[in-house]
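Mind having a look at this structure? Questions to follow.
Residue numbers start from 1 in every chain, and the chains themselves are labelled A, B, ... in the order their sequence lines are given, proteins ahead of strands.
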Amino acid sequence: MAESETSKAKPRPIVRLGTLLISHSVFVSVVCCVSGVLALLLLPILAKNTYISENALMPGSASPMLSNQDASDANRLVNDLSELSSKSNNAGIVQRLVGRYISNLGAEVGYHQFHPDLSRFHPLHFFSVPDTGIVQENINCSCHGVNVIGIVRAPRGDGKEAIVLVTPYNYTNSGLADHLSLGVAYSVFSLLSQVTWLAKDVIWLIADSQCGEYASVAAWLRDYHSPAFSGFGADNAHTCDVIATHHDVKENVAMDMSSPDSFRRAGTMAAALVVKVVDRNEPFEDSLGVYAEASNGQMPNLDLINIVNYLAVHRQGLRVKVRKLFSLLDTKWLSFLAEILESLGSIARRLNPQWKFGIPAADYVDGTATLLGSLYYQALGVPTGPHGAFRDYQVDAVTLEFSPRHYSISKGHTEDFILRGGRLIEGVVRSVNNLLEKFHQSFFLYLLTSPSKFVSVGVYMIAFALLVAPLPVAAASLYAKANRLDTSLDDAKSFSPPTATVNELVISAGSWRWISAVKKVLIVHLWGTTVALLPYFISQTPSLTPVTKLAVWGILSLVCLLFPYFFLGSPFAGVSGTEGYKHEWALLKSATISAAFIGLCLMSVINFAMAEFGALLMVPMCLMVQPLKLDLRAGTLQNLARAAINLVLAFIGFPPATYYILKSTFGSFDGINIENFWCWVESLWSWNSATYLFLGMVHLPCWLLCAQILLRS
Amino acid sequence: MVLRSRPIFSLLLLFLSSYGFSTAFASGSAIEGGEEDFSEELLLKPLPDRKVLAHFHFETRAPRTPSYGRHHHLFPKAIAQLVKKFHIQEMELSFTQGRWNYESWGGFEPIASSNAKPPGVELWAVFDVPPDDVDASWKNLTHSISGLFCASINFLESSTAYAAPKWSFRPDPGSLRYGTLPREAVCTENLTPWLKLLPCRDKAGISLLMDRPSIYRGFYHSQRLRLRSAKTSSDGTHSSIILEQTLTVVLHPDSQKMSTVNSREPTLQPSWSMSSLFGKKISGTCVLAKSSTVYLQLDWGVVRELKNLENGNQVLGVASIMEESFVSNPAFVLSDKPDKVIREVDSRSEESAILYEFSVRKHSDLGPFDLGFTWKTPVVWSCPQLPLRVSRFLMGSGNERGAIAISFRSARAREGLTHAKSMGESCKVDVNVFQVVPWYIKVYFHTMKVFVDGKPLAVSDIIEKIHVSPSEDKVSPGVLEMILKLPCTVDSAAFTLEFDKGFLHIDEYPPDANQGFDIPPAVITFPTFHVNMHFGEDNLSKKSAVLSRFQENIPVRSYTEVLLVPLTTPDFSMPYNVITITCTVFALYFGSLLNVLRRRVNEEERFLKSKGKRPSALSRLLSKLSAKLGGKRVVASQSSARSSSFISLKLILKIILVAGIAIAWQYFSE
């Protein structure tokens, strides 16, 4: 009677749906994973055309004012610079020359001396902006640079906001392209010093790239936003014994200016443009490379890229390029996929002319290469240029890299090139100048599939969500299955009379069995954290080659792994008491999957692209994993295949292996060089990339747990 | 009859006219302030950075006598009513566009100290009312002025927008109120009502030069209105109101573009004339004006350079620029001969400023007056600098916290520290800082740090006097007043204040919230330094309003930059999306939470079981119906009915309780 009543009590639909999903977890997992990968591959088709979202920008609504006069003035600067650089190597003379050019325009000149930050791993200050206290002790004394800064004050503006133009320039070693980049910026700057429409101040920063382009800009921004009042000269003299060079530079520089010390400031920065000219010998036409990725995959507002793209394409006739993975362009599978999609699109169009989702195969291949490039550079978490330094201060910035064809920069044509480049930058500055509010209208989270096409967060989230969705389902089903099987095992074992009480006891014992699995997972994650922190101590010890550093790292990690084995009661041999349960591995796998799910979801908030890549690697690995012994014991073809796939996945999933495999497939593969991996890791942590933390704290532990399940007896 | 009446009429006329004369005479002789008068003056000054400063000064003076009634001859009635109604003792209102460049236009001089104003609107007023009524008067005043000048000055009404500085802004105690609107845009709509206050508007006299396109094309534009009362008699019984209207513009003479950018030698300063600056000429005086004068001022820097030039040219025997005869000089040519050359008498140094005086009445006799100034040789000079160059900036980034920093750098100017250094080692420079901070910038005053020459100092060592009133959320802004005592040999000093950024209610955001929020400029005063020019002649000040203002002993004052603080802003573009998703999340959260909290374990099963035992409502109804039909009494269902009514009573009580709590909550949170 009672039993029939309980069977009548139907659970709620949402619970029923959950149980349905869990009971068909394998099917759900396969469908979700496949559709997740498909969704990722479909993104180039789903990409939308960019549009200017903020109406106030009005790009190109005013005709450019940059005249031949400005261009020829700038050309004179270029010639002067070329002359100087051919004669001598003295940075001070060049700085003074540039300073004089700026002050002749009626603009303010400032000189900023700096020592760049030492790139060092700070485990405790990972996401925080460094404050002055840390900066002080973190100064790299080996390099000393001087940035030249020019500021045009808006004639009728209130000086609350500023637009920044940056040209990285190496004073001691520069070529024609570098001179041209100064020339382009100078032409714009000289125009802006005369115009009446300026509402925001314009700062021109000539960043001394002797110590690296990024470092000089970052040092300037650091002093702009968090100056150290307790004396630049005094404290630096203590930390760095460079007083002599200091005075030297000061004397050099002081000749042209009233107060050499004063750090010139304008208001809050609205946007920043980094202008670079690179001599790449473009064969056909002048092109413009747009770099936007800042640290941890942060992007500037899409509107900034939009106006650059719009003005470059429609006004100046430049070819705009964004970075892509070139090695993907001529892969067979991609072109095959592209053709399939194209034909599908054409079939769909034949059925209903309204359906326009097909794109030409070439476009698709290009779009995918750009998309994956975009994902890759965001995932690395390393800024792709000096603009990255601005993003740390919530300033939208983008690097414009002009690469003129050879004809454009040959003798006598530079003026034309300066005119074109200058007009583009003038247009962008004018648009930003029109802006009443800061950039907020358009997207901050997007992927580019071409300079004029983007995928917004709402669309690309789907691929990731589909990939990640099977994880909790699989974890739940594994847990349920393991519990059920073990309980039945227990039931079979127990033959004491009062079944009800025993049942309850068993349920309680079974329901607490996951604790040991979770403990194991936690210990392994703790180990992962330790491994991630180890390089900090290793890098403290000087005079080690990268190979030895890598070896020390590996050995120390192993030692750390053995430590809990000895002292915490061998967590890898299984916790005593639950040894008898056959499905212990399932519980462990369930816990591993849950941890991976949590890690991936957290990472998707910090750096989406990395989470996407991580999901592509980890989700199949976690879902497929099963003790090899079980498969081999079963011995059917299916089981053997599964074992083989598991082995391959586990191999691919090991971070160094992943690195080398990716490098050989996408990059220029020049033999397995052990050093490279260490250097890569070093670059990740020195840029404070969250990718490094992800690898250490989520990916590596997850891989270890999978490997352990795989090798379980 | 006709013949007889005429002499009487003429007698009457004579009598009347003589009476009129005598009254006029009497009033004229009684006191000088007894009569309303108006004067118009224009001061032109070439600036070192190839620009020209034009300073219009109009002054209307009216005696404050009860017998005068409500009517005025010259004094604008609107202002007189304002003064009367709100008991204004002193008031200053300025509309400014652009920034005063303290470095190249000078800071240590009368015009910079009193006419360099922060961008936007600044208003302060001293009231002659009991302390309790000051705020009410201020609020009414802001509304009146707002209407008078077509500006949104009424935003200064709210108590979050204005402050009552105790001593740092002006020595006046008590009833002073001060407010700024940094974002107010200034244009002709503000100038027109201002011009309406002038007796001749811009139809005649010097104000004729105010061609809108040319004065708004300038680099700095500050239109100011100042009301003050002056005691005209020694015993203080008679006082008069003085309305001072000034317009200070910095213009760039339209000259040929600088062709040789690269040349090392200094280029010739652009020559200019009134017509090239303003596009207009003065065709006559305002007939109502007592005096109508144009001055041309040459700074001490120019004078020194010119003297050097003269010394070089002494062999040629050219006349000095100081001479009244003024034939020619090697540096520049004036198109008209000045009526008078006035020298500043400065005890501190040899060089001093020179003023050339041109009487408009005299010069516009023959034709429109168009003063031209042509440079002949390139001259480079610099303006008198502030004792300490002040700049203020924001530190930090992000939407959470930041810091305001004010830094001082010694300019090593002539008047500045060389003068002070002579006083010995122990000398100190007083710096008076007055800073108003809106409430959403939550400044922590205890985090104040002071650095002098790169060394952190204890706050108490350097601050002589400080008064802080912390901000109160949505009620009042934070005010910081303090006097820093810096050593004279100071090279650089800085002090920082940390703040947290607050959150605003959604309807407190302005329409362009994403631009950021302004921190009004800090007012920096150097009380130990005074700008005043002394002129040899004593009666000059009686004749000229501008010169008398120059002779006043005002401390050097400068304003810092306006700062823009980005605050967190909600996404205004899609409020419905936000509301929908928030509501969904809340519903899910609270729904599931309540569900979990309310439901007991296995309750559903028990419920089902009991339900299985108890007939359902329909069946009960049916059974009841059948019982009624059958004439039997229903026994079983009675208890359940009672219990259900009991439950419903409980339920109602619960609902009432919850509602009561909600009402009480609402009531107390208001």
**Q.** Portion of A:A154 that has a non-hydrogen atom of chain B nearer than 4.5 angstrom
**A.**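 Backbone plus side chain of A:A154, per the 4.5 Å heavy-atom cut-off to chain B.
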Q: Taking all heavy atoms of A:E161 and all of B:L564, pick out the closest pair and write down the distance.
A: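 Scanning both residues, the minimum pair turns out to be CG-CD2, 3.4 Å.
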Q | Closest non-hydrogen atom pair between A:K438 and B:L567, with its separation | A | NZ-O, 4.3 Å
**Q.** Test item: B:F393 and A:P227 side chains (from C-beta on) under 4.5 Å apart, heavy atoms
**A.**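 In short, these two side chains touch, coming nearer than 4.5 Å.
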Q) Where on B:A493 is there a heavy atom nearer than 4.5 Å to chain A: the side chain, the backbone, both, or neither? A) neither
(Q) Please rank B:A405, B:P119, B:G396, B:G516 by heavy-atom pairs under 4.5 Å with chain A and give me the top one. (A) B:G396
**Q.** Point-to-point distance, once rounded to the nearest 0.5 Å, from CG of A:D158 to OG1 of B:T96
**A.** 11.5 Å
Q. Are any non-hydrogen side-chain atoms of A:D201 and B:R99 less than 4.5 angstrom apart?
A.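 Yes. Closest side-chain heavy atoms under 4.5 Å.
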Q | chain A contact via B:D518 - which portion, at a heavy-atom distance below 4.5 Å | A | side chain
(Q) Show the nearest heavy-atom pair for residues A:L436 and B:Q515, with the distance to one decimal. (A)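 Minimum heavy-atom separation between A:L436 and B:Q515: O-CG, 3.0 Å.
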Q) What distance separates A:H440 NE2 from B:T569 OG1, expressed to the nearest 0.5 Å? A)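 Going from NE2 on A:H440 over to OG1 on B:T569, the span is 7.0 Å.
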Q | Contact class of B:D49 relative to chain A, heavy atoms under 4.5 angstrom | A |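 Neither part; nothing is under 4.5 Å.
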Q | Interatomic spacing from CD in A:E54 to CG in B:N514 - rounded to 0.5 Å | A |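 One finds 8.5 Å between CD of A:E54 and CG of B:N514.
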Q: Measure the CZ-NZ distance between B:R183 and A:K160 for me, rounded to the nearest 0.5 Å.
A: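 The CZ atom of B:R183 sits 4.5 Å away from the NZ atom of A:K160.
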**Q.** Nearest-0.5 Å distance, CG of residue B:L394 to CZ of residue A:R265
**A.**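 One gets 10.0 Å once the value is rounded to the nearest 0.5 Å.
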Q.
Nearest 0.5 Å, please: how far is CZ in A:F263 from OG in B:S391?
A. 11.0 Å
Q) Is B:E561 salt-bridged to A:R153, cutoff N-O under 4.0 Å? A) no
Q) Top residue by heavy-atom pair count (under 4.5 Å) with chain A, among B:G218, B:S492, B:A513? A) B:G218
Q: Could you check if a side-chain atom of A:T268 sits within less than 4.5 angstrom of a side-chain atom of B:P566, using non-hydrogen atoms only?
A: yes
Q. Under a 4.5 Å heavy-atom cut-off, does chain A meet the side chain of B:T496, its backbone, both or neither?
A.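 Contact with chain A is through the side chain of B:T496 alone.
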Q: Compare every heavy atom of B:S397 with every heavy atom of A:D392, then report the nearest pair and how far apart it is.
A: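 Result for this residue pair: O-OG, 3.9 Å.
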